[in-house]
Amino acid sequence: WISAVLMALALVVVLFLAIYYCNSKIFNQLNKYLYLLMVFTLSAVAAASISNYGTAYFYTVPFTLVSLYLLAFFKQRVVFTVYVISLLPVLIFASSGLEIFVTYLVAGVVGMLVFEYFNRGWLQFVTALIVFVVMVLVWGAFRLADGPESFNDYRTITKMALGAFMSVAGYPLIYLFEKIFKLVSNSKLVDLSDTSNKLLRDLADKAPGTFQHSLQVMNLADAAARAIDANVLLVRAGALYHDI
């Protein structure tokens with residue numbers, strides 16, 4: 001127990017310093033900091049719990065979902081750093097920790113990249129499929145070092161498929177976290193910026209000139225936000241509703 005407590009403290013200190021160097025302003029927003037701690041804790045508890053069932057079962061845990069949970073509220077530089085730290089418990093609790101760590105590290109980074117394009121409705125299953133393929137490729141690279149006979153472990157591949165597609169099933173929890181921690185997710189901002197929603201349709205019907213003006217302001221604000229690396233989705237939503 002002393003060992004576990006010391007390791008947990010060490011990881012929390014690393015997490016604290018990572019946030020400090022990436023974006024110290026997060027400490028001024030308690031809800032965001034608590035959210036980061038919650039995501040890290042979920043990852044650590046999952047790694048500790050699954051260690052009792054065998055190494056192969058680590059692949060059933062959708063650790064890549066951690067990167068998506070982070071991506072919903074934070075910029076990529078914070079997401080990547082915290083995601084890497086959230087995977088460190090895997091190195092501690094899994095007997096083949098390095099292999100699993102590298103597999104999920106690569107899969108999570110690729111997942112973050114493709115989720116930007118496949119994040120609506122059934123397209124999330126495309127993200128899950130790509131994550132699964134990446135996991136199999138990285139796992140296969142490690143198997144090459146063990147010899148051809150190690151490729152017969154089809155059960156592990158099945159567990160990878162289960163874990164990859166569980167990331168789709170678990171993503172809607174974002175909306176629950178959004179309410180609990182009083183945050184605004186990127187998904188929510190995308191929904192708000194959809195010009196087919198009721199309030200914006202009313203604006204277009206009752207004040208079409210103002211609606212067109214808001215669209216023009218949104219386009220200008222979008223370009224400015226991209227130029228200074230601001231939160232583009234937040235700026236777009238603010239520009240659309242500024243006259244309302």
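Remember, it's a predicted structure, so these values are computed and weren't measured experimentally.
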Next item on the list: Please list, chain by chain and in numerical order, all residues satisfying side-chain hydrogen bond (donor to acceptor under 3.5 Å, both in side chains) with Ser214, sequence neighbours excluded.
Entry: none
Check: Tell me, which pairs form a ring-ring contact (aromatic ring centres under 6.0 Å, His included) where one or both residues lie in residues 77-105, sequence neighbours left out?
Finding: Phe63-Tyr104
Notebook entry, point to check: To the nearest 0.5 Å, how far apart are CD1 in Ile174 and NZ in Lys188?
Noted result: 13.5 Å
Please list every donor-acceptor pair under 3.5 Å in which a side-chain atom of residues 32-42 meets a protein atom from a residue at least two apart or in another chain.
{"residue": "Tyr35", "atom": "OH", "partner": "Tyr69", "partner atom": "O", "Å": "2.8"}
{"residue": "Thr41", "atom": "OG1", "partner": "Leu37", "partner atom": "O", "Å": "2.7"}

Item checked: Atom NZ of Lys75 with >12 non-hydrogen neighbours under 6.0 angstrom -> yes
Checklist line | Nearest non-hydrogen partners of Ile100 and Ala94, listed with the distance | finding: CD1-CB, 3.8 Å
Next item on the list: With sequence neighbours left out, write down each residue that passes side-chain hydrogen bond (donor to acceptor under 3.5 Å, both in side chains) with Ser185, or none if nothing qualifies.
Entry: Glu178
Check: Between Asn219 (side chain) and Leu215 (backbone), is there a donor-acceptor pair under 3.5 Å?
Finding: yes
Note to self: If you compare all heavy atoms of Ala46 against all heavy atoms of Val61, which two are closest, and at what distance to 0.1 Å?
What the structure shows: CB-CG1, 3.9 Å
Notebook entry, point to check: Would a 4.5 Å heavy-atom cut-off, applied to side chains only, mark Ile157 and Tyr59 as touching?
Noted result: no
Check: Would Ile85 end up clustered with Val106 when hydrophobic side chains under 4.5 Å apart are linked, directly or stepwise?
Finding: yes
Notebook entry, point to check: Would Leu189 end up clustered with Ile228 when hydrophobic side chains under 4.5 Å apart are linked, directly or stepwise?
Noted result: no
Margin query: Just so I know, are the side chains of Val110 and Val114 near enough to count as touching, which here means a heavy-atom distance under 4.5 Å?
Written below: yes
Would you list the atom pairs, donor with acceptor, under 3.5 Å between side chains in residues 163-173 and any protein atom, with sequence neighbours excluded?
{"residue": "Ser167", "atom": "OG", "partner": "Ala164", "partner atom": "O", "Å": "2.3"}
{"residue": "Tyr171", "atom": "OH", "partner": "Ser187", "partner atom": "OG", "Å": "3.2"}

Check: Of all heavy-atom pairs between Glu99 and Arg143, which one has the smallest distance, and what is that distance?
Finding: OE2-NH1, 2.8 Å
Check: With a 4.5 Å heavy-atom cut-off, do Val12 and Met7 have their side chains touching?
Finding: no
Next item on the list: Give a yes or no on whether Ile92 and Val45 share a hydrophobic cluster (residues Ile, Leu, Val, Met, Phe, Trp, Tyr; joining criterion: side-chain heavy atoms under 4.5 Å apart).
Entry: no
Next item on the list: Mind checking side-chain hydrogen bond (donor to acceptor under 3.5 Å, both in side chains) for Asp191 and listing every partner two or more places apart, or none if nothing turns up?
Entry: none
Notebook entry, point to check: Should Val102 and Leu98 count as side-chain neighbours, where that means a heavy-atom distance under 4.5 Å?
Noted result: yes
Next item on the list: Mind checking side-chain hydrogen bond (donor to acceptor under 3.5 Å, both in side chains) for Ser3 and listing every partner two or more places apart, or none if nothing turns up?
Entry: none
Note to self: Ignoring hydrogens, what is the shortest heavy-atom contact between Ala47 and Pro89? Give both atom names and the distance.
What the structure shows: CB-CB, 4.0 Å
List the atom pairs, with distances to 0.1 Å, where a side-chain N or O of residues 15-26 and a protein N or O form a donor-acceptor pair under 3.5 Å, not counting sequence neighbours.
{"residue": "Asn23", "atom": "OD1", "partner": "Lys25", "partner atom": "N", "Å": "3.2"}

Note to self: Looking at Ser67 and Thr64, would you say the former's side chain and the latter's main chain have a donor-acceptor pair under 3.5 Å?
What the structure shows: yes
Next item on the list: Linking directly or through intermediates, with side-chain heavy atoms under 4.5 Å: list the remaining ILVMFWY members grouped with Leu6, chain and number order.
Entry: Ile2
Margin query: Holding to salt bridge (charged side-chain N to carboxylate O under 4.0 Å, His left out), I want the full list of residues that pass it with Lys206, two or more places apart in sequence or in another chain.
Written below: none
Next item on the list: Using the test side-chain contact (heavy atoms from CB on, under 4.5 Å), find all partners of Val79 that sit at least two apart in sequence or belong to another chain.
Entry: Leu70, Leu71, Phe74, Met112
Which atom pairs, one a donor and one an acceptor, fall under 3.5 Å between side chains of residues 231-244 and the rest of the protein, sequence neighbours left out?
{"residue": "Asn231", "atom": "OD1", "partner": "Leu233", "partner atom": "N", "Å": "3.3"}
{"residue": "Asn231", "atom": "OD1", "partner": "Leu234", "partner atom": "N", "Å": "3.1"}
{"residue": "Arg236", "atom": "NH1", "partner": "Asp222", "partner atom": "OD2", "Å": "2.9"}
{"residue": "Tyr241", "atom": "OH", "partner": "Leu192", "partner atom": "O", "Å": "2.6"}
{"residue": "Tyr241", "atom": "OH", "partner": "Asn197", "partner atom": "ND2", "Å": "3.1"}
{"residue": "His242", "atom": "ND1", "partner": "Ala239", "partner atom": "O", "Å": "2.6"}
{"residue": "His242", "atom": "NE2", "partner": "His213", "partner atom": "NE2", "Å": "3.3"}

Checklist line | Hydrophobic cluster membership, Tyr117 vs Leu65, 4.5 Å side-chain cutoff | finding: yes
Check: Do the side chains of Ile180 and Leu183 join up, straight or via other hydrophobic residues, at under 4.5 Å, putting them in one cluster?
Finding: yes
Checklist line | Test: Lys159 cationic atom under 6.0 Å from Tyr57 six-membered ring centre, within 45° of axis | finding: yes
Next item on the list: Provide the closest heavy-atom pair for Arg201 versus Thr195 in the form atom of the first, atom of the second, distance.
Entry: CG-O, 3.9 Å
Notebook entry, point to check: Say you draw a straight line from CZ of Phe181 to CG of Leu30; how long is it, rounded to the nearest 0.5 Å?
Noted result: 10.0 Å
